[in-house]
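Reading through the C-alpha cells given below for one structure.
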Amino acid sequence: MTVAGLLIGSRIVRHKRTVNACAAISTVTILGLTLYPDGDPSADVGCAVELPYISATSVESLANIILFIPVVFFVGLKIRRPALAFGFGVALSAIIEILQGTVLGIGRACDTGDLVTNSIGAAIGATLSYVAIRRTHRADRSAVRVQSDGEEKITAKE
C-alpha cells in the first residue's frame, strides 16, 4: 500500500484536477460511511471514552486507519502541506465523532478510540503525501541543470 501510494502520488501530484477530484471523493466517502444512519436510531447520545484495540485481527480499528489515509494523502498533495493535511484529518475525525455523539436518529456512537485510529491513518496519509511531494520536487530539480554560464537547460522530460 505504501509503495502504491508513493507511485500514485508522485505521478498525479502535478494533475490538479485529478488530485482535487480524489480529495473530494475520499472526503465524501468518509462522510457517507461515518454519518449515514445505521442501526437502530435511538434517543441515546453519548461518547465512549476509551483507547482503541489495535491488532492485525481488529477489523474495525484497521478500517478506521485505512479510511483516513486517502483523504489526508490527497489533501496533502492538493495543498502541498502534509502537516496541515494531517490537522485537517484529525479535525475531520473529531467533527465526525462529535456529530455521531450528538445527532439523534443516525444510530451511530461516538468513540474516542475511533479518533485515535483515524488520526493514525491521517498520519500515514500525511507521511505518504510528504514523500510523494519530495520525490516530485527532487525530480523537478534534477530535470533542470544550470550550465556554467548561468542558462538553464532542460535535461529531462516532465
Side-chain angles (χ1 to χ4, degrees), residues 1-140:
M1 180 169 71
T2 302
V3 173
L6 293 176
L7 291 175
I8 291 169
S10 60
R11 300 279 183 204
I12 70 167
V13 70
R14 291 183 188 101
H15 303 283
K16 293 190 185 302
R17 287 185 180 169
T18 303
V19 171
N20 290 342
C22 290
I25 289 168
S26 57
T27 302
V28 169
T29 300
I30 285 177
L31 294 174
L33 289 172
T34 57
L35 297 176
Y36 187 80
D38 184 40
D40 180 30
S42 71
D44 294 337
V45 293
C47 192
V49 179
E50 59 190 18
L51 291 175
Y53 173 73
I54 302 173
S55 76
T57 59
S58 177
V59 176
E60 184 179 349
S61 291
L62 292 176
N64 283 335
I65 291 170
I66 292 168
L67 186 64
F68 272 75
I69 294 173
V71 70
V72 173
F73 175 69
F74 290 120
V75 168
L77 293 182
K78 176 181 172 33
I79 64 175
R80 293 183 169 263
R81 293 184 166 242
L84 192 56
F86 171 73
F88 167 77
V90 173
L92 179 63
S93 178
I95 290 167
I96 288 169
E97 293 305 320
I98 289 168
L99 290 173
Q100 287 179 340
T102 58
V103 175
L104 299 175
I106 64 171
R108 298 284 184 160
C110 169
D111 187 343
T112 58
D114 290 350
L115 178 62
V116 172
T117 54
N118 294 344
S119 297
I120 292 169
I124 294 169
T127 302
L128 291 174
S129 70
Y130 174 79
V131 173
I133 291 166
R134 293 289 295 168
R135 284 190 67 210
T136 303
H137 180 68
R138 195 173 303 143
D140 289 347

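- In this structure, L84 and I79 have side chains that are in contact, with non-hydrogen atoms separated by less than 4.5 Å.
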Item to check | Check against side chain to side chain contact (heavy atoms under 4.5 Å, CB included), T34 and L67 | outcome: CA-CA 10 Å; T34 57; L67 186 64; 4.0 Å; yes
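- The line from OG1 of T18 to CG of L77 is 11.0 Å long, rounded to the nearest 0.5 Å.
- Rounding to the nearest 0.5 angstrom, the gap separating the CD1 atom in I65 from the OG1 atom in T117 is 6.0 Å.
- What you find for I133 and R80 is that their closest heavy atoms are CD1-CA, 3.7 Å.
- Side-chain contact between Y130 and T127 is absent, with no heavy-atom pair separated by less than 4.5 Å.
- Remark: S26 engages no residue in a side-chain hydrogen bond (donor to acceptor under 3.5 Å, both in side chains) (not counting sequence neighbours).
- Contact annotation: the side chain of F68 never approaches that of V90 to less than 4.5 Å [non-hydrogen atoms, C-beta and beyond].
- Looking at residues two or more places apart in sequence or on another chain, you find no disulfide bond (SG atoms under 2.5 Å apart) involving C22.
- Put simply, OG on S93 and CG on N64 are 8.0 Å apart, with the number rounded to the nearest 0.5 Å.
- Here the closest heavy-atom approach between residue S129 and residue G76 is recorded as OG-CA, 3.8 Å.
- Summarising the geometry of A132 relative to F73, their closest heavy-atom pair is CB-CE1, 4.4 Å, with the distance given to 0.1 Å.
- Within the 3.5 Å criterion, the main-chain N or O of D111 finds a donor-acceptor partner in the side chain of E97.
- With contacts defined as side-chain heavy-atom distances shorter than 4.5 Å, the pair R108/L99 does not qualify.
- G113 and P52 get closest at one heavy-atom pair: O-CB, 3.6 Å.
- Counting only distance, with no hydrogens or angles, the side chain of T112 and the backbone of E50 share a donor-acceptor pair below 3.5 Å.
- Although no hydrogens or angles enter the test, the distance criterion places no donor-acceptor pair under 3.5 Å between the side chain of Q100 and the main chain of L35.
- To the nearest 0.5 Å, the span separating CG on N118 from CD1 on I96 amounts to 7.0 Å.
- Screening L31, I25, T27 for a side chain to side chain contact (heavy atoms under 4.5 Å, CB included) with T29, the sole residue that qualifies is I25.
- Of all heavy-atom pairs between G89 and V72, the closest is CA-CG2, 3.7 Å.
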